[in-house]
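Numbers for residues simply follow the sequence, beginning at 1.
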Amino acid sequence: MSRKPKRKLRSTEWFGRHDRDALVHRSWMKNQGIPHDQFDGRPVVGICNTWSQATPCNAHFRELAQHVRDGVLDAGGFPIEFPVMSLGETLMRPTTMLFRNQCAMDVEESIRANPFDGIVLLMGCDKTTPALLMGAASCDLPTIGVSGGPMLNGKFRGEDIGSGTHVWKFTEMLKTGRMNEADMIEAEGGMSRSAGHCMTMGTASTMASMVEALGMGLPTNAAIPAVDSRRRVLARMAGRRIVEMVREDLRMSRILTRQAFENAIMVNGAIGGSTNAVVHLLAIAGRIGVDLTLDDWDRLGRSMPCLVNLMPSGKYLMEDFYYAGGLPVVIREIRKSIHRKALTVNGRTIWDNCKDAVNYNRDVITPLEKPFKPQGGIAVLRGNLAPDGAVLKPSAATPALMKHRGRAVVFEDIDDLNRRIDDPDLDVEVDDILVLKNCGPKGYPGFPEVGNFALPAKLLKKGVTDMVRISDARMSGTAYGTVVLHTAPEAAAGGPLALVENGDIIELDVAKRRLRLQVSDDELARRRARWKPPEPHADRGWVRLYCATVQQADKGVDLDFLVGGSGAKVGRESH
Ligand code: FES
């Protein structure tokens with residue numbers, strides 16, 4: 001059987017010519033031991049790798065890439081692995097989100113500039129998944145996503161512990177004297193005990209689930225643990241499949257349709273997924289030309305119950321989720337809602353992929369008739385405090401606080417918060433609402449995960465476990481609490497959040513999707529006249545470009561000039 005597709009491939013422009021440039025393209029590649037027959041017009045597959053030792057969640061990707069390579073070779077393709085910027089959630093300052101769009105630019109231009117016919121994206125830690133999907137979507141080649149897989153369940157003194165979720169719990173226990181530093185050091189070793197990304201239903205697991213729900217990954221991509229041999233098999237199968245996708249010319253734009261995004265939003269509700277998925281899916285949709293809005297999130301997620309009993313909302317972890325049947329079981333369970341005909345990368349519909357899924361543990365994945373939590377979706381709040389919207393995750397919030405009226409206790413920025421939150425003299429009561437400003441995309445800069453900031457130590461010591469918190473920040477997908485996030489426009493862009501003062505009354509009503517500052521319009525106008533925008537964070541480099549062009553949370557926080565795509569064609573040579 002011929003390995004060459006019938007139509008002329010993009011890579012032929014580099015390797016298939018009979019001129020000086022083709023000699024240059026082939027000759028230098030041959031220094032890697034590549035035989036001449038690899039240049040015979042077979043599909044060239046770029047393996048986009050976010051491996052880095054500074055991104056511990058993706059540190060096993062060199063081996064994973066090898067399995068993709070094997071699959072590409074099995075199917076008669078020509079694999080070429082290439083690195084892109086990696087974004088390690090735990091180490092990067094001030095926040096990886098500042099660099100998501102930079103990584104997406106790297107991905108887009110690396111794909112466009114090189115002789116690839118199809119792409120396999122290797123992604124794991126939170127921002128690597130949206131960044132790679134965004135960059136690849138702007139090129140629109142046949143593309144398949146392979147997630148790195150979650151770590152094995154964390155273990156500490158006989159109990160399962162979850163990445164992130166237990167960091168917040170242990171920090172509160174340390175503050176109240178229920179744990180000491182030696183306990184913490186013992187716990188940190190057991191929390192991250194294998195290769196892989198956070199194993200709670202945090203942002204990485206949510207985004208891996210989005211890859212599968214969007215149809216961009218093979219079935220079961222979301223949950224197979226990183227160290228399970230079936231993760232390697234999946235990588236190899238993805239390598240084989242991408243070669244076929246090139247032959248079929250099955251491009252991203254045929255998979256990432258409005259129906260695919262609507263499916264993903266519903267699945268996010270059913271898994272109790274991270275609020276971060278909101279900004280990431282909005283940004284990916286913007287790249288591929290699907291007009292997705294914040295209101296789609298509320299409309300499609302509003303009635304979706306949460307079926308997955310995983311931390312941070314529940315008690316299990318991703319390893320348990322996989323053994324229970326994983327995401328195909330969830331998709332089968334919500335079959336009456338999803339668009340069953342949405343196409344996926346294996347050439348089958350999402351329904352074909354999930355219709356025979358079996359639930360092996362109904363405590364981990366509950367049936368739709370008896371859901372784990374009645375509300376799994378993301379609530380989109382509006383009102384004079386958030387004219388362009390704010391979000392809250394009901395499944396991670398305290399039911400009694402979902403309708404609440406309280407006095408604002410205001411922190412002007414993160415430094416102000418860090419300075420005063422544990423001050424014994426802080427004027428704060430349990431019914432107050434904590435407000436944190438200037439932590440949005442422009443304000444921090446970079447839109448960090450500080451919206452779930454810890455409660456004042458003096459209230460924690462009294463046994464208070466949750467309070468309403470409002471900010472223009474994000475929160476970690478592993479976190480919990482009655483936390484209003486992504487308030488838009490943000491304070492640094494002159495949003496009404498900037499005008500809140502200590503003692504103002506704020507009203508939150510999640511059922512009515514309302515967030516109101518009970519201050520008269522006249523008074524707000526007076527405060528606005530006094531308001532001054534913050535000083536710029538940088539006068540050069542990436543931060544300057546980012547701050548000048550970044551969009552607000554309700555638009556997905558992409559840079560304004562990166563929305564859309566440029567395709568994969570480049571006409572000119574370099575020599
Ligand atoms: Fe990488 Fe959580 S730190 S996924």
Would you name the heavy atoms of [X] and [Y] that are closest together and state the gap between them?
X      : Y      : value
Met210 : Val267 : CE-CG1, 4.1 Å
Thr128 : Cys125 : OG1-O, 2.5 Å
Ala473 : Leu485 : O-CB, 3.5 Å
Ala238 : Val120 : O-CG2, 4.5 Å
Ala208 : Asn221 : O-ND2, 3.4 Å
Pro441 : Tyr546 : O-CE2, 3.1 Å

Listed once per pair and sorted, the ring pair (Phe, Tyr, Trp, His ring centres under 6.0 Å) pairs that draw on residues 200-255, sequence neighbours left out: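 Found none.
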
For the pair [X] (side chain) and [Y] (backbone), establish whether a donor and an acceptor sit closer than 3.5 Å, ignoring hydrogens and angles.
X      : Y      : value
Lys30  : Pro35  : no
Ser205 : Thr200 : yes
Asp472 : Cys439 : yes
Asn452 : Ala479 : no
Asp19  : Ala22  : yes
His537 : Gly443 : yes
Thr206 : Gly202 : yes
Asn114 : Ile111 : no
Asp106 : Val84  : no
Glu212 : Ala222 : yes

Chi angles and distances behind the side-chain contact (heavy atoms from CB on, under 4.5 Å) call for Glu13, Asp21: CA-CA 10 Å; Glu13 286 289 316; Asp21 289 335; over 6 Å; no

Residues Val557, Arg100; criterion side-chain contact (heavy atoms from CB on, under 4.5 Å); working and verdict: CA-CA 9 Å; Val557 195; Arg100 184 200 64 178; 4.1 Å; yes

Salt bridge present between Glu490 and Lys442 (N-O < 4.0 angstrom):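 Not counted as a salt bridge, because no side-chain N and carboxylate O are separated by less than 4.0 Å.
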
Sidechain N-carboxylate O distance under 4.0 Å for Glu109, Arg112: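 Salt bridge flag = yes for Arg112 with Glu109.
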
Validation row, ring centre Phe116 to ring centre Phe82 under 6.0 Å: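 Between Phe82 and Phe116, which both carry aromatic rings, the centre distance is below 6.0 Å.
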
Step-by-step salt bridge (Lys or Arg N to Asp or Glu O under 4.0 Å) determination, Asp117 to Arg10: CA-CA 6 Å; Asp117 302 307; Arg10 182 173 182 269; 6.0 Å; no

Atom NZ of Lys341: over 12 foreign heavy atoms under 6.0 Å: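 Check fails, neighbour count at 12 or below.
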
ring-ring contact (aromatic ring centres under 6.0 Å, His included) against His166, all qualifying residues, sequence neighbours excluded: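 By the ring-ring contact (aromatic ring centres under 6.0 Å, His included) rule, His166 matches Phe170.
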
For [X] and [Y], does a side-chain donor sit closer than 3.5 Å to a side-chain acceptor?
X      : Y      : result
His280 : Lys127 : no
Thr203 : Ser274 : yes
Asn276 : Asp126 : no
Ser52  : Ser86  : no

Counterpart residues, salt bridge (charged side-chain N to carboxylate O under 4.0 Å, His left out), relative to Asp558 (two or more places apart):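 For Asp558 the salt bridge (charged side-chain N to carboxylate O under 4.0 Å, His left out) partners, ignoring immediate neighbours, are Arg287.
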
Contact list for residues 185-202, test salt bridge (charged side-chain N to carboxylate O under 4.0 Å, His left out), sequence neighbours left out: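 For residues 185-202: Arg157-Glu186.
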
Salt bridge (charged side-chain N to carboxylate O under 4.0 Å, His left out) pairs, two or more places apart, involving residues 250-261: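 For residues 250-261, and leaving out neighbouring residues, the salt bridge (charged side-chain N to carboxylate O under 4.0 Å, His left out) pairs sorted by first residue read Asp249-Arg251, Arg258-Glu262, Arg258-Asp296.
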
Could you state the interatomic distance from [atom1] ([X]) to [atom2] ([Y]), rounded to the nearest 0.5 Å?
X      : Y      : atom1 : atom2 : result
Tyr322 : Asp228 : OH    : CG    : 5.5 Å
Asp74  : Arg69  : CG    : CZ    : 12.0 Å
Arg241 : Thr344 : CZ    : OG1   : 8.0 Å
Leu141 : Met245 : CG    : CE    : 10.5 Å
Met252 : Ile284 : CE    : CD1   : 7.5 Å
Thr50  : Asn58  : OG1   : CG    : 4.0 Å

Evaluation steps, side-chain contact (heavy atoms from CB on, under 4.5 Å), between Phe61 and Thr55: CA-CA 10 Å; Phe61 279 17; Thr55 306; over 6 Å; no

Stacked cation flag Arg26 on Phe15, 6.0 angstrom / 45 deg: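 The answer is no; the distance or angle limit is not met.
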
Under 3.5 Å, side-chain donor or acceptor atoms of residues 560-575 against the rest of the protein: list the pairs with distances, not counting sequence neighbours.
| unit_1 | atom_1 | unit_2 | atom_2 | d |
| --- | --- | --- | --- | --- |
| Glu573 | OE1 | His25 | NE2 | 3.4 |
| Glu573 | OE2 | Arg17 | NH1 | 3.3 |
| Glu573 | OE2 | His25 | NE2 | 3.4 |

Stepwise salt bridge (Lys or Arg N to Asp or Glu O under 4.0 Å) check, Asp539 with Arg544: CA-CA 6 Å; Asp539 59 9; Arg544 177 175 163 168; over 6 Å; no

side-chain contact (heavy atoms from CB on, under 4.5 Å) evaluation trace for Phe78 with Met29: CA-CA 12 Å; Phe78 174 7; Met29 287 299 283; 4.2 Å; yes

